Every structure is written in structure tokens, then in C-alpha cells.
Amino acid sequence: EVQLVESGGGLVQTGGSLRLSCAASGFTFDDYAIGWFRQAPGQEREGISCINLRDGFTYYADSVKGRFTSSRDNAKNTVSLQMNNLKPEDTAVYYCAVDLSTDMPECGTYYYDYDHWGQGTQVTVSS
């Protein structure tokens with residue numbers, strides 16, 4: 001069974017940091033790309049980062065570039081998202097996702113590029 005489990009969310013003040021983790025199981029970890037998305041109330045799900053576990057390529061949306069960093073721990077089948085200098089507009093539910101329908105992993109930026117999702121973790125940044 002494919003599982004993605006996010007953790008590490010919470011409440012932080014503006015300028016603070018959080019580190020999210022996405023623990024993956026049920027598939028060959030380093031053959032795919034893991035995407036990070038977030039969704040604030042009333043807004044569409046936004047692709048903010050991706051890491052291609054096969055070649056190490058990373059992608060960041062302009063809204064998080066320079067503040068967020070994706071990394072991997074192959075030994076633990078875990079991808080992390082280090083979030084620094086957080087802003088109130090970063091408040092959202094954060095999700096990790098993977099597309100297992102292809103053996104040519106790419107960092108997609110749209111929610112429909114992925115077919116398996118975690119349950120999400122809440123990040124709240126207070127002003």
C-alpha cells in the first residue's frame with residue numbers, strides 16, 4: 001500500500017522556521033519525484049516545491065524561492081521541506097504527493113500531475 005505521511009506542521013511567528021517531513025512507503029523511493037503543495041482556505045492547491053529523487057533536480061515556486069528548501073533522506077525514505085522566514089501568507093495545509101503512473105519522473109507543478117497524496121499538515125504563521 002502506498003503511503004505518504006506528512007509531519008512537522010504547527011504554529012510559528014512571522015520570521016520563524018519549520019521543517020516538514022514526508023515519510024513514504026509502498027513504492028521504490030528513489031525512482032520518483034515528490035511534490036510539495038499547499039492549500040489555504042478558499043484557495044486552489046498551489047505547487048510550491050518538488051524534488052526528483054532520481055536525479056536530484058529541485059523546483060521552487062517564486063512565492064517560496066530562497067526561503068524553502070527540499071531535501072531527501074534515502075535511508076529513511078523521507079523528503080523534508082525546510083521553511084525559513086515564514087510569513088502569514090504561508091499559512092495553509094501542506095501536502096506531499098507522488099506520481100506513480102510513470103517511470104519517467106518529472107517535477108510537475110499542478111495537482112493533477114500527482115496521483116497519490118498525504119493527509120496534509122497544518123502550518124499557521126502568526127503576525
Side-chain angles (χ1 to χ4, degrees):
E1 179 187 5
V2 174
Q3 282 194 320
L4 298 169
V5 180
E6 301 96 338
S7 61
L11 173 65
V12 65
Q13 291 185 332
T14 297
S17 297
L18 284 174
R19 187 177 182 87
L20 305 184
S21 293
C22 173
S25 61
F27 61 95
T28 303
F29 183 70
D30 52 4
D31 277 351
Y32 297 95
I34 301 291
W36 284 100
F37 287 75
R38 66 186 182 187
Q39 189 165 22
Q43 297 188 18
E44 294 187 353
R45 194 164 294 192
E46 174 192 12
I48 58 171
S49 182
C50 174
I51 180 166
N52 188 321
L53 300 173
R54 181 174 290 179
D55 62 15
F57 172 82
T58 54
Y59 159 82
Y60 300 97
D62 288 343
S63 57
V64 306
K65 196 173 295 181
R67 300 188 297 124
F68 291 12
T69 304
S70 287
S71 62
R72 61 183 172 180
D73 184 338
N74 283 8
K76 296 182 179 179
N77 281 14
T78 298
V79 168
S80 295
L81 183 68
Q82 178 66 41
M83 307 187 297
N84 298 328
N85 191 21
L86 283 162
K87 306 174 182 180
E89 52 263 43
D90 294 319
T91 295
V93 178
Y94 284 69
Y95 301 89
C96 61
V98 65
D99 176 16
L100 300 182
S101 68
T102 176
D103 58 0
M104 298 287 286
E106 293 184 358
C107 272
T109 59
Y110 297 99
Y111 71 91
Y112 50 74
D113 291 327
Y114 298 86
D115 56 10
H116 288 80
W117 294 81
Q119 82 289 351
T121 186
Q122 176 70 46
V123 172
T124 303
V125 185
S126 63
S127 57

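Keep in mind that the numbers below use all heavy atoms, side chains included, and drop hydrogens, waters and symmetry copies. Nothing fancy with the numbering, it's 1 onward along the sequence. Predicted, not measured: the structure shown is a model, and the values here were computed from it.
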Report task. Would you check if the side chain of Arg54 reaches a backbone N or O of Asp103 as a donor-acceptor pair within less than 3.5 Å? Result -> yes
Query - Nearest-0.5 Å distance that lies between atom CD in Glu106 and atom CZ in Phe57 - result: 9.5 Å
Requested in this report: Check whether any side-chain N or O of Ser70 sits under 3.5 Å from a backbone N or O of Leu81 as a donor-acceptor pair, and report yes or no.
Outcome: no
Query raised in the report: Side chains of Leu100 and Asp115: closer than 4.5 Å at any heavy-atom pair?
Result: yes
Query raised in the report: Would the number of heavy atoms belonging to other residues, nucleotides or ligands and lying under 6.0 Å from OH of Tyr111 be above 12?
Result: no
Requested in this report: Verify, without hydrogens or angle tests, whether Thr14 (side chain) and Ser126 (backbone) share a donor-acceptor contact under 3.5 angstrom.
Outcome: yes
**Report entry** Minimum heavy-atom distance Leu4-Ala24, with the two atoms named
**Finding:** CD2-CB, 3.7 Å
Query raised in the report: So do the side chains of Tyr94 and Ile48 get within less than 4.5 Å of each other, counting heavy atoms only?
Result: yes
Query - Interatomic spacing from OG1 in Thr69 to CZ in Arg19 - rounded to 0.5 Å - result: 9.0 Å
Report task. For Ser21 and Ser80, work out which heavy atoms get closest and say how close. Result -> OG-OG, 3.7 Å
Query raised in the report: So, the side chain of Thr78 versus the backbone of Ala23: is there a donor-acceptor pair under 3.5 Å, distance only?
Result: no
Report summary line: When rounded to the nearest 0.5 Å, the distance separating CZ of Arg72 from CG of Asp30 is 7.5 Å
Report summary line: Across all chains, not counting sequence neighbours, the ring pair (Phe, Tyr, Trp, His ring centres under 6.0 Å) partners of Phe29 are none
Query raised in the report: Which is it for Leu11 and Thr124 under the side-chain contact (heavy atoms from CB on, under 4.5 Å) test, yes or no, and what are the steps along the way?
Result: CA-CA 5 Å; Leu11 173 65; Thr124 303; 3.7 Å; yes
Query - Between OG on residue Ser127 and CD on residue Gln13, distance to nearest 0.5 Å - result: 9.5 Å
Report task. Check for a donor-acceptor pair, side chain of Glu6 on one end and backbone N or O of Gly120 on the other, with a separation under 3.5 Å. Result -> yes
Requested in this report: Output all residues satisfying ring pair (Phe, Tyr, Trp, His ring centres under 6.0 Å) with Phe37, sequence neighbours left out; order by chain, then residue number.
Outcome: Tyr114, Trp117
Query raised in the report: Any idea which heavy atoms bring Ile34 and Cys96 closest together, and the distance?
Result: CG2-CB, 4.1 Å
Query raised in the report: Step by step, would you call Phe68 with Leu86 a side-chain contact (heavy atoms from CB on, under 4.5 Å)?
Result: CA-CA 9 Å; Phe68 291 12; Leu86 283 162; 3.8 Å; yes
Query raised in the report: Under 3.5 Å, side chain of Asp90 to main-chain N/O of Val123, donor-acceptor pair present?
Result: no
Query raised in the report: For Glu46, which residues count as a salt bridge (charged side-chain N to carboxylate O under 4.0 Å, His left out) partner, sequence neighbours excluded?
Result: Arg38
Report task. Could you tell me the separation between the SG atom of Cys22 and the CG atom of Asp73, rounded to the nearest 0.5 Å? Result -> 12.5 Å
Query - Basic-acidic side-chain contact under 4.0 Å: Asp62, Lys65 - result: yes
**Report entry** Interatomic distance, Leu20 atom CG to Met83 atom CE [nearest 0.5 angstrom]
**Finding:** 3.5 Å
